[in-house]
Amino acid sequence: MRVVVLGKQGAGKGTQSQRLAARFGVQHLSTGDLFREAARRGTADGREAQRYMDTGELVPDDIVVGVVRDQLEDNGLLGRGFVFDGFPRTLVQARALDGVLSAHRRPLHAAVHLAVPTEEVLDRLAGRRVCETCGAVYHVNLPPKHDWVCDLDGGPVVQRDDDTEPAIMRRLELYEEVTVPILDYYRGEGILLDVDGVGDGDEVFERMVEGVEARLSPSPS
Ligand code: AMP
């Protein structure tokens with residue numbers, strides 16, 4: 001299964017795409033997690049990416065596409081199947097992904113759009129806390145069981161450096177400007193799957209699974 005998950009920051013992409021990958025036994029890949037990890041390790045790409053991330057700007061397409069291409073071709077994601085989370089974010093990235101996939105005759109099955117109104121994502125982002133090591137997402141109103149230590153792997157649960165008000169506003173602005181056109185692109189390709197991302201997380205997940213399953217085995221009608 002090859003799927004990308006799109007949506008505003010705070011729409012639940014991280015949580016839902018991790019669950020989707022686990023349900024279908026494929027690899028979850030978040031470009032944001034990759035860049036944060038590279039920044040922590042202090043690699044040249046990581047330091048460069050950090051400059052953009054801190055202010056909510058997008059990392060340049062050539063860096064992003066290079067990183068994803070490596071994962072697809074050298075790290076075996078093409079064969080194993082994947083759920084991409086936070087990629088693609090620009091039309092250039094979407095077209096580059098299509099290029100790699102069609103060269104290998106392995107097109108996307110679906111582009112899932114998790115739709116959540118802006119007022120709601122602002123509320124979620126202001127209280128968002130994440131595990132520094134595995135990326136699990138919590139909220140000040142829904143904290144981990146023990147004293148800001150991740151339930152899954154015991155990592156420290158913190159506020160992301162880029163969850164500041166100016167960076168959040170900039171990311172939302174960029175989403176409208178450069179990511180929304182991708183929705184039309186995938187709609188034109190006939191693979192866009194709009195999923196209502198409001199409400200109980202388990203219900204959102206089931207809606208998403210149902211839609212993806214229908215794409216994997218389309219009914220004969
Ligand atoms: P995320 O964890 O998906 O919210 O991404 C955090 C930050 O990483 C973004 O605000 C961007 O600076 C950068 N980033 C992640 N994915 C991409 C991408 N596909 N294109 C450009 N920048 C990205």
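Being a predicted model, the structure only gives us computed values, none of them experimental. Throughout, residue positions are numbered sequentially from 1 according to the sequence presented. Remember, it's 1-based here, ligands and their atoms both numbered in the order they're listed.
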message: Among Gln93, Arg36, Arg171, which one puts a heavy atom closest to atom 10 (O) of ligand 1?
response: Arg171

field: Contacting atoms of ligand 1, where contact means under 4.0 angstrom from a heavy atom of Gly32
entry: 2 (O), 5 (O), 15 (C), 16 (N)

- prompt: Taking the inter-plane angle between the rings of Phe84 and Phe82 on a 0 to 90° scale, is it parallel (under 30°), tilted (30 to 60°) or perpendicular (over 60°)?
  reply: parallel

query: Is the closest side-chain donor-acceptor distance between Tyr52 and Asp162 under 3.5 Å?
result: no

message: Please tell me whether Val180 and Leu6 are part of a single hydrophobic cluster in this structure, the criterion being side-chain heavy atoms less than 4.5 Å apart.
response: yes

message: If the contact criterion is a heavy-atom separation under 4.0 Å, does Met53 count as touching ligand 1?
response: yes

query: Does Gly86, backbone or side chain, put an N or O under 3.5 Å from an N or O of ligand 1?
result: yes

- prompt: In terms of side-chain geometry, is the basic nitrogen of Glu210 or Arg207 positioned less than 4.0 Å from the acidic oxygen of its partner?
  reply: no

query: atom 11 (C) of ligand 1: which of Arg170, Arg89, Glu57 has the nearest heavy atom?
result: Glu57

query: Given that the side chain starts at C-beta and the backbone is N, CA, C, O, which of these parts of Arg160 lies under 4.0 Å from ligand 1, counting heavy atoms, or is it both or neither?
result: side chain

task: Scan Arg51, Met53, Glu57 and name whichever one has a side-chain contact (heavy atoms from CB on, under 4.5 Å) with Thr55.
output: Glu57

statement: Check: of Thr31, Val59, Leu174, Asp163, min heavy-atom distance to atom 16 (N) of ligand 1 comes from Thr31

Residue pair Arg128, Asp163: steps toward the salt bridge (charged side-chain N to carboxylate O under 4.0 Å, His left out) verdict: CA-CA 8 Å; Arg128 175 160 81 172; Asp163 276 350; 2.9 Å; yes

